[in-house]
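Report on one structure; see the data block that follows.
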There are 2 protein chains.
Amino acid sequence: MNVSVQTEIEPQAAETRPRRRPAGRTGCGVEATLSVLGGVWKPVLLFHLLRGKLRFNALCRLTPRATQRMITLQLRELENDGVLRRIVYPEVPPKVEYELTEFGRSLEPVLLSMRAWGEAFQARMDGPDKPTRTC
Amino acid sequence: MNVSVQTEIEPQAAETRPRRRPAGRTGCGVEATLSVLGGVWKPVLLFHLLRGKLRFNALCRLTPRATQRMITLQLRELENDGVLRRIVYPEVPPKVEYELTEFGRSLEPVLLSMRAWGEAFQARMDGPDKPTRTC
DNA sequence: CAGTATCCAAATTGATACTG
DNA sequence: CAGTATCAATTTGGATACTG
(Lines give C-alpha, C1' and ligand atoms only; values in the text may rest on other atoms or scores of the structure.)
Protein backbone atom coordinates (compact mmCIF):
# COMPACT_ATOMS: atom_id res chain seq x y z
CA MET A 1 0.00 0.00 0.00
CA ASN A 2 2.77 2.44 0.78
CA VAL A 3 3.76 3.29 -2.71
CA SER A 4 4.67 6.83 -1.79
CA VAL A 5 8.06 8.23 -2.38
CA GLN A 6 9.09 8.36 1.22
CA THR A 7 9.90 5.17 3.06
CA GLU A 8 8.58 6.46 6.34
CA ILE A 9 6.82 4.47 8.92
CA GLU A 10 3.75 6.22 10.13
CA PRO A 11 3.87 6.80 13.86
CA GLN A 12 1.83 9.94 13.48
CA ALA A 13 -0.39 8.40 10.87
CA ALA A 14 -2.57 7.28 13.72
CA GLU A 15 -3.21 10.93 14.18
CA THR A 16 -4.31 11.77 10.71
CA ARG A 17 -5.87 8.49 9.57
CA PRO A 18 -7.47 7.10 12.64
CA ARG A 19 -10.70 5.52 11.62
CA ARG A 20 -9.97 4.83 8.01
CA ARG A 21 -9.53 1.29 6.91
CA PRO A 22 -6.41 0.28 5.08
CA ALA A 23 -6.81 1.47 1.55
CA GLY A 24 -8.23 -0.97 -0.91
CA ARG A 25 -8.98 -3.90 1.37
CA THR A 26 -12.71 -3.44 1.35
CA GLY A 27 -15.79 -5.13 0.08
CA CYS A 28 -16.64 -3.48 -3.17
CA GLY A 29 -15.17 -1.14 -5.70
CA VAL A 30 -17.02 1.87 -4.42
CA GLU A 31 -15.71 1.29 -0.93
CA ALA A 32 -12.20 0.91 -2.25
CA THR A 33 -12.48 4.24 -4.00
CA LEU A 34 -13.77 5.85 -0.85
CA SER A 35 -10.84 4.50 1.10
CA VAL A 36 -8.67 6.81 -0.97
CA LEU A 37 -11.08 9.58 -1.90
CA GLY A 38 -13.14 9.56 1.24
CA GLY A 39 -12.34 12.84 2.84
CA VAL A 40 -14.42 15.92 2.56
CA TRP A 41 -11.76 17.97 0.84
CA LYS A 42 -9.80 15.36 -0.98
CA PRO A 43 -11.82 15.27 -4.16
CA VAL A 44 -11.78 19.04 -4.35
CA LEU A 45 -8.04 19.29 -3.83
CA LEU A 46 -7.36 16.56 -6.33
CA PHE A 47 -9.64 18.13 -8.83
CA HIS A 48 -7.69 21.37 -8.68
CA LEU A 49 -4.47 19.47 -9.06
CA LEU A 50 -5.67 17.92 -12.29
CA ARG A 51 -4.59 21.12 -13.97
CA GLY A 52 -1.04 20.78 -12.78
CA LYS A 53 1.27 21.55 -9.89
CA LEU A 54 -0.01 23.92 -7.27
CA ARG A 55 1.54 25.58 -4.30
CA PHE A 56 0.08 25.26 -0.84
CA ASN A 57 -1.27 28.76 -0.83
CA ALA A 58 -2.86 28.32 -4.20
CA LEU A 59 -4.73 25.29 -2.92
CA CYS A 60 -5.88 27.29 0.07
CA ARG A 61 -7.19 30.03 -2.14
CA LEU A 62 -8.96 27.54 -4.36
CA THR A 63 -10.59 25.89 -1.36
CA PRO A 64 -11.60 28.82 0.80
CA ARG A 65 -14.09 26.90 2.92
CA ALA A 66 -11.45 24.52 4.21
CA THR A 67 -9.05 25.68 6.86
CA GLN A 68 -5.31 25.64 6.35
CA ARG A 69 -5.09 22.86 8.87
CA MET A 70 -7.58 20.65 7.08
CA ILE A 71 -5.85 21.19 3.78
CA THR A 72 -2.54 20.20 5.31
CA LEU A 73 -4.00 17.06 6.85
CA GLN A 74 -5.78 15.94 3.74
CA LEU A 75 -2.72 16.56 1.60
CA ARG A 76 -0.65 14.44 3.96
CA GLU A 77 -3.06 11.57 3.68
CA LEU A 78 -3.14 11.79 -0.06
CA GLU A 79 0.62 11.83 -0.09
CA ASN A 80 0.75 8.75 2.12
CA ASP A 81 -1.64 7.00 -0.22
CA GLY A 82 0.59 7.75 -3.17
CA VAL A 83 -1.96 9.96 -4.86
CA LEU A 84 0.20 13.04 -4.93
CA ARG A 85 3.75 14.04 -4.23
CA ARG A 86 5.10 16.97 -2.33
CA ILE A 87 7.98 18.86 -3.84
CA VAL A 88 9.95 21.04 -1.47
CA TYR A 89 12.23 23.67 -2.93
CA PRO A 90 15.05 24.54 -0.57
CA GLU A 91 14.52 28.24 -0.83
CA VAL A 92 13.76 31.19 1.35
CA PRO A 93 10.92 31.89 1.58
CA PRO A 94 9.88 28.26 1.43
CA LYS A 95 8.20 26.95 -1.65
CA VAL A 96 6.27 23.71 -1.77
CA GLU A 97 4.39 22.33 -4.69
CA TYR A 98 1.90 19.51 -4.87
CA GLU A 99 1.56 17.36 -7.91
CA LEU A 100 -0.53 14.34 -8.76
CA THR A 101 1.28 11.08 -9.25
CA GLU A 102 0.40 8.78 -12.11
CA PHE A 103 -1.78 6.92 -9.67
CA GLY A 104 -3.48 10.15 -8.70
CA ARG A 105 -4.08 11.11 -12.29
CA SER A 106 -5.88 7.83 -12.78
CA LEU A 107 -8.63 9.32 -10.64
CA GLU A 108 -9.37 11.90 -13.29
CA PRO A 109 -12.49 10.18 -14.70
CA VAL A 110 -13.99 9.94 -11.24
CA LEU A 111 -13.27 13.56 -10.45
CA LEU A 112 -14.58 14.77 -13.77
CA SER A 113 -17.80 12.86 -13.42
CA MET A 114 -18.21 14.37 -9.97
CA ARG A 115 -17.74 17.83 -11.35
CA ALA A 116 -20.09 17.21 -14.23
CA TRP A 117 -22.87 16.03 -11.96
CA GLY A 118 -22.26 18.81 -9.49
CA GLU A 119 -22.46 21.47 -12.12
CA ALA A 120 -25.69 20.10 -13.47
CA PHE A 121 -27.00 20.03 -9.93
CA GLN A 122 -25.93 23.61 -9.31
CA ALA A 123 -27.57 24.69 -12.53
CA ARG A 124 -30.78 23.10 -11.32
CA MET A 125 -30.52 24.88 -8.00
CA ASP A 126 -29.58 28.27 -9.32
CA GLY A 127 -32.03 28.29 -12.15
CA PRO A 128 -31.23 27.52 -15.75
CA ASP A 129 -30.08 31.02 -16.62
CA LYS A 130 -27.17 31.56 -14.30
CA PRO A 131 -23.69 31.20 -15.69
CA THR A 132 -21.76 28.06 -14.97
CA ARG A 133 -18.61 28.57 -12.98
CA THR A 134 -15.43 26.78 -13.86
CA CYS A 135 -14.39 26.35 -10.24
CA MET B 1 -27.70 29.16 22.56
CA ASN B 2 -28.18 32.11 20.27
CA VAL B 3 -27.82 31.14 16.70
CA SER B 4 -26.34 34.20 15.15
CA VAL B 5 -25.60 32.68 11.80
CA GLN B 6 -27.25 33.99 8.72
CA THR B 7 -29.20 30.95 7.61
CA GLU B 8 -31.64 29.28 9.93
CA ILE B 9 -31.56 25.55 9.81
CA GLU B 10 -34.59 23.35 9.92
CA PRO B 11 -35.23 21.94 13.39
CA GLN B 12 -34.79 18.28 12.58
CA ALA B 13 -32.15 18.86 9.97
CA ALA B 14 -29.84 19.89 12.76
CA GLU B 15 -29.99 16.35 14.00
CA THR B 16 -29.16 14.44 10.88
CA ARG B 17 -27.24 16.97 8.82
CA PRO B 18 -25.27 18.88 11.37
CA ARG B 19 -22.15 20.15 9.77
CA ARG B 20 -23.13 19.83 6.17
CA ARG B 21 -23.71 22.88 4.12
CA PRO B 22 -26.97 23.35 2.30
CA ALA B 23 -26.84 21.10 -0.70
CA GLY B 24 -25.63 22.63 -3.89
CA ARG B 25 -24.73 26.10 -2.67
CA THR B 26 -21.01 25.64 -2.84
CA GLY B 27 -18.07 26.85 -4.77
CA CYS B 28 -17.41 24.29 -7.43
CA GLY B 29 -19.03 21.31 -9.03
CA VAL B 30 -17.05 18.82 -7.05
CA GLU B 31 -18.09 20.45 -3.80
CA ALA B 32 -21.69 20.44 -4.90
CA THR B 33 -21.52 16.74 -5.57
CA LEU B 34 -19.97 16.14 -2.19
CA SER B 35 -22.74 18.07 -0.50
CA VAL B 36 -25.03 15.26 -1.60
CA LEU B 37 -22.68 12.31 -1.82
CA GLY B 38 -20.40 13.25 1.02
CA GLY B 39 -21.10 10.63 3.60
CA VAL B 40 -18.99 7.59 4.16
CA TRP B 41 -21.72 5.15 3.29
CA LYS B 42 -23.84 7.11 0.90
CA PRO B 43 -22.06 6.19 -2.30
CA VAL B 44 -22.07 2.54 -1.34
CA LEU B 45 -25.76 2.52 -0.48
CA LEU B 46 -26.65 4.37 -3.64
CA PHE B 47 -24.56 2.08 -5.70
CA HIS B 48 -26.45 -0.93 -4.45
CA LEU B 49 -29.72 0.81 -5.15
CA LEU B 50 -28.78 1.28 -8.77
CA ARG B 51 -29.95 -2.27 -9.32
CA GLY B 52 -33.41 -1.52 -8.04
CA LYS B 53 -35.47 -1.33 -4.90
CA LEU B 54 -33.99 -2.81 -1.77
CA ARG B 55 -35.32 -3.46 1.66
CA PHE B 56 -33.62 -2.14 4.75
CA ASN B 57 -32.25 -5.51 5.73
CA ALA B 58 -30.91 -6.13 2.27
CA LEU B 59 -28.96 -2.87 2.45
CA CYS B 60 -27.60 -3.90 5.81
CA ARG B 61 -26.42 -7.21 4.43
CA LEU B 62 -24.83 -5.52 1.44
CA THR B 63 -23.02 -3.06 3.68
CA PRO B 64 -21.81 -5.21 6.54
CA ARG B 65 -19.21 -2.76 7.81
CA ALA B 66 -21.78 -0.09 8.50
CA THR B 67 -24.00 -0.38 11.53
CA GLN B 68 -27.75 -0.38 11.33
CA ARG B 69 -27.79 3.02 12.90
CA MET B 70 -25.44 4.52 10.38
CA ILE B 71 -27.38 3.07 7.50
CA THR B 72 -30.58 4.53 8.88
CA LEU B 73 -29.03 7.94 9.30
CA GLN B 74 -27.49 8.04 5.87
CA LEU B 75 -30.69 6.86 4.25
CA ARG B 76 -32.61 9.62 5.99
CA GLU B 77 -30.25 12.24 4.69
CA LEU B 78 -30.44 10.90 1.20
CA GLU B 79 -34.19 10.90 1.45
CA ASN B 80 -34.18 14.51 2.60
CA ASP B 81 -31.98 15.42 -0.33
CA GLY B 82 -34.42 13.84 -2.74
CA VAL B 83 -31.99 11.20 -3.86
CA LEU B 84 -34.10 8.26 -2.83
CA ARG B 85 -37.59 7.57 -1.62
CA ARG B 86 -38.79 5.39 1.18
CA ILE B 87 -41.73 3.17 0.50
CA VAL B 88 -43.54 1.86 3.55
CA TYR B 89 -45.92 -1.02 3.10
CA PRO B 90 -48.59 -1.09 5.79
CA GLU B 91 -48.07 -4.71 6.64
CA VAL B 92 -47.15 -6.87 9.56
CA PRO B 93 -44.31 -7.52 9.79
CA PRO B 94 -43.26 -4.13 8.49
CA LYS B 95 -41.78 -3.84 5.05
CA VAL B 96 -39.88 -0.83 3.83
CA GLU B 97 -38.22 -0.44 0.50
CA TYR B 98 -35.77 2.14 -0.69
CA GLU B 99 -35.66 3.26 -4.26
CA LEU B 100 -33.66 5.86 -6.13
CA THR B 101 -35.54 8.83 -7.45
CA GLU B 102 -34.91 10.13 -10.93
CA PHE B 103 -32.56 12.60 -9.34
CA GLY B 104 -30.76 9.80 -7.56
CA ARG B 105 -30.42 7.78 -10.72
CA SER B 106 -28.69 10.73 -12.33
CA LEU B 107 -25.79 9.93 -10.05
CA GLU B 108 -25.22 6.66 -11.83
CA PRO B 109 -22.24 7.82 -13.94
CA VAL B 110 -20.49 9.08 -10.84
CA LEU B 111 -21.10 5.87 -8.93
CA LEU B 112 -20.05 3.70 -11.82
CA SER B 113 -16.83 5.59 -12.32
CA MET B 114 -16.12 5.20 -8.63
CA ARG B 115 -16.67 1.49 -8.83
CA ALA B 116 -14.56 1.18 -11.95
CA TRP B 117 -11.64 2.95 -10.38
CA GLY B 118 -12.01 1.06 -7.13
CA GLU B 119 -11.99 -2.29 -8.85
CA ALA B 120 -8.89 -1.41 -10.81
CA PHE B 121 -7.32 -0.31 -7.56
CA GLN B 122 -8.28 -3.53 -5.83
CA ALA B 123 -6.91 -5.55 -8.71
CA ARG B 124 -3.64 -3.70 -8.30
CA MET B 125 -3.60 -4.41 -4.60
CA ASP B 126 -4.61 -8.05 -4.77
CA GLY B 127 -2.41 -8.94 -7.67
CA PRO B 128 -3.49 -9.26 -11.27
CA ASP B 129 -4.66 -12.86 -11.00
CA LYS B 130 -7.39 -12.64 -8.40
CA PRO B 131 -10.99 -12.65 -9.59
CA THR B 132 -12.87 -9.40 -9.67
CA ARG B 133 -15.82 -9.25 -7.38
CA THR B 134 -19.11 -7.77 -8.48
CA CYS B 135 -19.81 -6.28 -5.06
C1' DC C 1 -38.94 -6.34 10.19
C1' DA C 2 -37.36 -1.90 10.56
C1' DG C 3 -36.21 0.76 12.99
C1' DT C 4 -35.42 4.21 17.93
C1' DA C 5 -33.28 5.44 22.17
C1' DT C 6 -29.51 5.90 25.00
C1' DC C 7 -24.94 5.97 26.47
C1' DC C 8 -20.41 6.65 25.57
C1' DA C 9 -15.77 6.70 23.30
C1' DA C 10 -13.25 8.26 19.57
C1' DA C 11 -12.48 11.15 15.78
C1' DT C 12 -13.10 15.34 13.12
C1' DT C 13 -12.86 20.10 12.67
C1' DG C 14 -12.46 25.11 13.60
C1' DA C 15 -10.18 28.96 15.69
C1' DT C 16 -6.28 30.90 17.06
C1' DA C 17 -1.59 31.60 17.89
C1' DC C 18 3.02 30.62 16.82
C1' DT C 19 7.50 29.34 13.83
C1' DG C 20 11.67 28.16 10.67
C1' DC D 1 5.51 30.85 2.72
C1' DA D 2 4.10 26.74 4.53
C1' DG D 3 3.14 24.98 7.77
C1' DT D 4 2.60 23.23 13.62
C1' DA D 5 0.66 23.38 18.14
C1' DT D 6 -2.92 23.66 21.16
C1' DC D 7 -7.53 24.00 22.86
C1' DA D 8 -12.27 23.41 22.59
C1' DA D 9 -16.55 22.18 20.44
C1' DT D 10 -18.92 19.16 17.36
C1' DT D 11 -19.73 15.00 15.12
C1' DT D 12 -19.20 10.25 14.22
C1' DG D 13 -19.74 5.69 15.33
C1' DG D 14 -20.30 1.41 18.04
C1' DA D 15 -22.78 -1.30 21.46
C1' DT D 16 -26.75 -2.39 23.45
C1' DA D 17 -31.45 -2.50 24.60
C1' DC D 18 -36.04 -1.67 23.33
C1' DT D 19 -40.59 -1.23 20.22
C1' DG D 20 -44.82 -0.93 16.90
Side-chain angles (χ1 to χ4, degrees), chain A residues 10-21 26 31 34-35 38-42 44-45 48-49 53-80 84-99, chain B residues 1-5 9 12-21 31 34-35 38-42 44-45 49 53-80 84-99:
Chain A
E10 43 267 82
Q12 79 284 43
E15 178 117 17
T16 51
R17 301 174 51 189
R19 196 177 286 165
R20 285 172 65 219
R21 306 179 286 284
T26 42
E31 286 184 57
L34 290 171
S35 72
V40 201
W41 299 109
K42 288 181 189 178
V44 183
L45 294 172
H48 291 311
L49 285 168
K53 281 200 276 273
L54 284 173
R55 299 183 62 164
F56 181 77
N57 260 12
L59 283 168
C60 287
R61 263 178 270 110
L62 288 165
T63 322
R65 317 180 72 114
T67 60
Q68 198 185 33
R69 200 178 91 96
M70 274 305 104
I71 293 173
T72 304
L73 292 175
Q74 304 266 290
L75 286 172
R76 289 290 177 279
E77 291 192 4
L78 291 167
E79 190 189 358
N80 288 334
L84 53 81
R85 72 175 62 91
R86 188 163 163 267
I87 307 162
V88 184
Y89 298 87
E91 304 177 357
V92 177
K95 174 178 173 182
V96 176
E97 287 185 324
Y98 293 90
E99 182 181 33
Chain B
M1 304 310 179
N2 271 326
V3 185
S4 54
V5 251
I9 20 167
Q12 82 285 28
E15 180 112 17
T16 52
R17 301 173 52 189
R19 197 177 286 168
R20 287 171 64 219
R21 307 177 285 285
E31 287 184 55
L34 290 171
S35 72
V40 201
W41 299 109
K42 288 182 189 177
V44 182
L45 294 171
L49 286 168
K53 282 199 277 271
L54 284 174
R55 299 183 61 164
F56 181 77
N57 260 12
L59 282 169
C60 287
R61 262 178 272 111
L62 289 165
T63 322
R65 318 180 72 113
T67 61
Q68 198 184 32
R69 199 179 92 98
M70 275 304 105
I71 293 173
T72 304
L73 292 174
Q74 304 265 292
L75 287 173
R76 289 289 176 280
E77 291 192 5
L78 291 167
E79 190 188 357
N80 287 334
L84 53 80
R85 72 175 63 89
R86 189 165 163 265
I87 308 164
V88 184
Y89 297 87
E91 304 176 357
V92 177
K95 175 178 172 181
V96 177
E97 287 186 325
Y98 292 90
E99 182 181 33

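Each chain gets a letter, A, B and so on, in the order its sequence line appears, and its residues count up from 1. Keep in mind it's a predicted model, so treat the numbers as computed, not measured.
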Next item on the list: Produce a footprint string for nucleotides 14-20 of chain D: one letter per nucleotide, 5' end first; B if the base is under 4.0 Å from any protein heavy atom, S if only the sugar-phosphate is, - if neither.
Entry: BB----B
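- Annotated stems with DNA chain D as a participant read C:1-20 with D:1-20, given as range with range, by first number; only runs of 3 or more Watson-Crick or G-U pairs under 3.5 Å qualify.
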Next item on the list: Show your working on side-chain contact (heavy atoms from CB on, under 4.5 Å) between Leu34(B) and Val40(A) and close with a plain yes or no.
Entry: CA-CA 7 Å; Leu34(B) 290 171; Val40(A) 201; 5.5 Å; no
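- Residues satisfying the side chain to side chain donor-acceptor pair (under 3.5 Å) test with Glu99(A), not counting sequence neighbours, are Arg85(A).
- To the nearest angstrom, P of dC1(D) lies 17 Å from CG of Leu75(A).
- Taking 4.5 Å as the limit, every side-chain heavy atom of Leu73(A) sits out of range of all side-chain heavy atoms of Glu77(A).
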Using a 3.5 Å cut-off and no angle test, enumerate the donor-acceptor pairs between side-chain atoms of residues 53-63 of chain A and protein atoms at least two apart in sequence or in another chain.
from	atom 1	to	atom 2	distance (Å)
Arg55(A)	NH2	Pro94(A)	O	3.4
Thr63(A)	OG1	Leu59(A)	O	2.9

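- Contacts of Tyr98(A) with the nucleic acid, taken as non-hydrogen atoms under 4.0 Å apart, involve only primed sugar atoms and P, OP1 or OP2.
- Protein atom CD of Gln74(B) is 9 Å distant from nucleotide atom P of dT12(D), rounded to whole Å.
- Going from atom NZ of Lys53(B) over to atom P of dA2(C) covers 14 Å, rounded to whole Å.
- Rounded to the nearest 0.5 Å, atoms CG (Leu75(A)) and CE (Met70(A)) are 11.0 Å apart.
- Near DNA chain C, meaning a heavy atom under 4.0 Å away, the residues from residues 54-61 of chain B are Arg55(B), Phe56(B), Asn57(B).
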Got a list of side-chain donor-acceptor pairs under 3.5 Å for residues 86-93 of chain B, not counting sequence neighbours?
from	atom 1	to	atom 2	distance (Å)
Arg86(B)	NE	Tyr98(B)	OH	3.3
Tyr89(B)	OH	Glu97(B)	OE1	2.6

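- In this structure, NZ on Lys42(A) lies 13.5 Å from CG on Leu49(A), to the nearest 0.5 angstrom.
- Between the P atom of dA5(D) and the CZ atom of Arg76(A) lies a distance of 11 Å, rounded to the nearest Å.
- One can place CG of Leu73(A) at 9 Å from P of dT13(C), the figure rounded to the nearest angstrom.
- Between the CD1 atom of Ile71(A) and the CZ atom of Arg65(A) there is a distance of 12.5 Å, given to the nearest 0.5 Å.
- Interatomic distance, CZ of Arg69(B) versus CD of Gln74(B), reported as 10.5 Å (0.5 Å rounding).
- Between the C1' atom of dA2(C) and the CD1 atom of Ile87(B) lies a distance of 15 Å, rounded to the nearest Å.
- Atom-to-atom distance recorded for Trp41(B):CH2 and Thr72(B):OG1 is 13.5 Å, nearest 0.5 angstrom.
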